[in-house]
Amino acid sequence: MNDFDEFDAFEAGAHQSLSARALGARQVAYLDDLNPAQRAAVEALDGPVLMLAGAGTGKTKALTTRIVHLLNTGRARPNEILAVTFTNKAAREMKDRVGRMLGHAAEGMGWMGTFHSISVKLLRRHAELAGLRSNFTILDTDDQIRLLKQLILAGNIDEKRWPARQLAGIIDNWKNRAWTPTRVPASEASAFNNRAVELYAAYQERLRTLNAVDFGDLLLHVVTIFQAHPDVLEQYQRWLRYILVDEYQDTNVAQYMWLRLLAQGHCNICCVGDDDQSIYGWRGAEVGNILRFEKDFPGAQVIRLEQNYRSTPHILGAASGLIASNKGRLGKTLWTDAPEGERVRLIGHWDGEEEARWIGEEVEALQRGTRGLDPISPDHMAILVRASHQMRAFEDRFLTIGLPYRVIGGPRFYERLEIRDAMAYFRLAVGPTDDLAFERIVNTPKRGLGDKAQQLIQRVAREAGVPLLEGARRVVSEGLLGGKGLAELRRLVTQIDQWHDRVRRGEQNHIELAEQILDDSGYTAHWQNDKTPEAPGRLENLKELVKALEQFENLQGFLEHVALIMDNETEDTAEKVSIMTLHAAKGLEFQAVFLPGWEDGLFPSQRSMDESGLSGLEEERRLAYVGITRAEVICTISFASNRRVYGQWQSALPSRFIDELPEDHVEVLTPPGLYGGGYGAAGMTSGVEARAASANVYNSPGWKRLQERAATRPVAQPRESRNVVIDLEAASSFTLGDRVFHQKFGYGTVQGIEGDKLDVSFDKAGSKKLVARFVVAADQADDVPF
DNA sequence: AAGATCAAGCTTTTT
DNA sequence: GCTTGATCTT
């Protein structure tokens, strides 16, 4: 049902009955589950409220209970509550939890969702006010960049010096600040070789003709509509009587304006956030929004949730001590009544590989149960890195020792090439005027329609002022193209017509239709004929895609949702260690957390500091804070003296954040030998042994002096000797049929030998040609320290 | 038009 | 070092 119809029906009625109903004791039993601060946050229903919720303080619980309480007290009906989150996952979780508390699905909560999904809903309703039709398409970053590239070329700009990616960044930034092309301040005019504003305007124009929007537009258009049409805004202010916002510290200016506009009037707005966990400044998030809240909403109640239910006192102490170095915080003191627990462990390693090896062993030790701790399932352990390229060292190592892991936040399902291609076909079937989709698939699979043919179609279409499909149709009917290309193009045009026809008539089951589109077009065959090792996986993904269609009534509905729901949560029950970035870890918790790579330049990231100075450093520090506070039971921070970056060996100092950790909460495992006499950690293979070797490094010669000494110490070269030995052995000793082991590809059989190269058929990874020194005989796999 | 070779890059990424 | 895109080659 349309939410607006519900509104209309509701407005015709009256508000009385619910609010008049007395609340029995049984109905508010949920309030007894809350601590005093949570309870205050739940019961302060009217007027502006800022809920400062530290890590692990039961924020979601307070938020969902508040929604239930709004309903129970009769303040609002499900449809009158606007609850905004940043991610679909958070929205889903909120919906589930509210539903669970109510004892039935949270029906009618039509305004619970992400900023973007709610904006889509608003924008479809009022598209014409933004110069769009309500069936506009939503472009993702990839489409956006391709479009910008065209405009850059059309503007006679050297795309190499001025890449589309950079322009996309500038435009995104402006949109995040709610600047339309005319509102970009003069001070920004020099951006992109003085051409950015002009290109931005051209881009917006192009989007309008394509009847398309990008992610930034979703918010921007809604803000612009609200500003230009007070009557429309007023409607929503009346309808949406209570507003809740999750992760408020991550809102950007456009989102802030969006909220302000809707909230002004009743001012029933409850923002939940934690200024110490603001880690998306680089994407336009304004910590200022949360710091300014009390000024923006006079009379706001500020409620602090400070009782932590997640971590031990040592972990909290370390995190609090670290974040205390940041200026301009709203300030919170997290506390817990949990038993003291383990200190945060700190360990230095010779290089990144050793760090990965040590962590691998430590994971296994924790899994068995060590240090007097209960055994911890790998499911409840995570390795949190600053940058995704750090993940590889762990993947390599874990593959070697056969430790199951999962990487969170890799390329997402709907961003994969084959999925995007398939989607382009579906888009064309639904809306044959979708030029971007047409461009994408016209020569995929190969139809002999290369650059020249495509330019011809473009030209014909542009001259006639028609979509590309129509242009193609004319090219065919007028025979402007030769031989193979012509026949293929004719076939494609006919096929698109047929698909569109079927979509329109809606007679055919949309799942069958989708399968047929992929088969008819030759796209399935394209991957079946592809001999690369990725091909089977891609076909698998296509099957997944078709399966995902089952949840929707038709192709249109599917496309609508997919544009916004880009997450890729595959349930997998096997017990695995998680590897992810610190950013991806926000909101999650693990019993054991490893924080590798705490080296100056890597973390805090040099680039962050160069580009954003002190505020960049503070954001990095918040990232560190987020990392530590993910840990429930045990947290291990590590750094490596040497690390290979972009193929070059580099030595680095331990992160300055390490100095900022309060010593009382830290246990230093690093043996003194590490800094004194070169590689000294050879015997230190597990945490238990390391602990025996742990000296009072913090106090003894002075931790800082140690660092200084490390700085002046000559750069040590990585050990090579053992690898060289293996190399010589390996190169000469293999024969056809030998079983070998490779650290990334696993076990395999030698199929051929050419000089120093082996042709190996791996059990899991398929056939690879590689240099002999990268593999060892299978029976030696366990002894070799890679 | 399609494969092959080479240079230039290179944080984080909810939607 | 390794991937990605642009140019070169057939």
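Order of the sequence lines sets the chain letters (A, B, ...), proteins ahead of strands, with each chain counted from 1. Note: hydrogens, waters and symmetry copies are ignored here, and every other heavy atom, side chains too, is used.
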Taken to the nearest whole Å, NE2/H583(A) to P/dT15(B) is 15 Å
Figure out the OH/P separation between Y280(A) and dT13(B), and round it to whole Å. 7 Å
Should T87(A) be listed as having a side-chain N or O under 4.0 Å from OP1 or OP2 of dT15(B)? no
Specify whether Y280(A) and W282(A) have parallel, tilted or perpendicular ring planes, treating 30° as the upper limit for parallel and 60° as the lower limit for perpendicular. tilted
How many Å lie between OH on Y646(A) and P on dG1(C), as a whole number? 14 Å
What nucleic acid atoms does D451(A) come within less than 4.0 Å of, heavy atoms only: base, sugar-phosphate, or nothing? sugar-phosphate
Pick base, sugar-phosphate or nothing for F115(A), based on heavy-atom distances below 4.0 Å to the nucleic acid. nothing
Gap between atoms NE2 and P, on H526(A) and dA2(B) respectively (whole Å): 11 Å
Which of Q390(A), E353(A), E599(A) passes side-chain hydrogen bond (donor to acceptor under 3.5 Å, both in side chains) with R643(A)? Answer is E599(A)
Could you check which of dT15(B), dA2(B), dC2(C) has an atom nearest any side-chain atom of R392(A)? dC2(C)
So S117(A), base contact, sugar-phosphate only, or nothing? Heavy-atom distance under 4.0 Å. nothing
Salt bridge D214(A)-K175(A), side-chain N to carboxylate O under 4.0 Å: yes
Establish, with yes or no, whether the OP1 or OP2 oxygen of dA7(B) is under 4.0 angstrom from a side-chain nitrogen or oxygen of K160(A). no
Quick one: label K586(A) by what it contacts on the DNA or RNA (base, sugar-phosphate, nothing), any heavy atom closer than 4.0 Å. nothing
So, is dT12(B) syn or anti if syn means the angle is within 90° of 0? anti
Gap between atoms CD and C1', on E159(A) and dT7(C) respectively (whole Å): 14 Å
For K175(A), report the nucleic acid contact type (base, sugar-phosphate, nothing); a contact means any heavy atom under 4.0 Å. nothing
So, OP1 or OP2 of dA2(B): does either fall under 4.0 Å of a side-chain N or O from N443(A)? yes
Identify which nucleotide among dT11(B), dA2(B), dA6(C) has an atom closest to any side-chain atom of E611(A), counting heavy atoms from C-beta outward. dT11(B)
Pairwise P distance, dG5(C) and dT12(B) [rounded to whole Å]: 16 Å
When you compare the ring of W282(A) with the six-membered ring of dT12(B)'s base, are the centres less than 5.5 Å apart and the planes under 30° from each other? yes
Grab the CD1-P distance between I279(A) and dT11(B) for me, whole Å please. 18 Å
Contact nearer the 5' end of DNA chain B, comparing A453(A) with A584(A): A453(A)
Taking CZ from R621(A) and P from dT12(B), how many angstroms apart are they, rounded to a whole number? 21 Å
When you measure from the side-chain N and O atoms of T581(A) to the phosphate of dT13(B), is any distance below 4.0 Å, counting only OP1 and OP2? yes
Around atom CZ of R491(A), are there more than 12 heavy atoms of other residues, nucleotides or ligands at under 6.0 Å? no
Distance criterion of 3.5 Å, no angle test: do you see the side chain of R386(A) paired donor-to-acceptor with the base of dT11(B)? no
Spacing of D396(A) atom CG relative to dG1(C) atom P, expressed in whole Å: 14 Å
Starting from the 5' end of DNA chain B, give me the residue, K452(A) or G216(A), whose nearest nucleotide shows up first. K452(A)
Please determine whether the number of non-hydrogen atoms from other residues, nucleotides or ligands lying under 6.0 Å from atom CG of D451(A) exceeds 12. no
Judged by modelled atom types alone, do D172(A) and Q144(A) share a side-chain donor-acceptor pair under 3.5 Å? yes
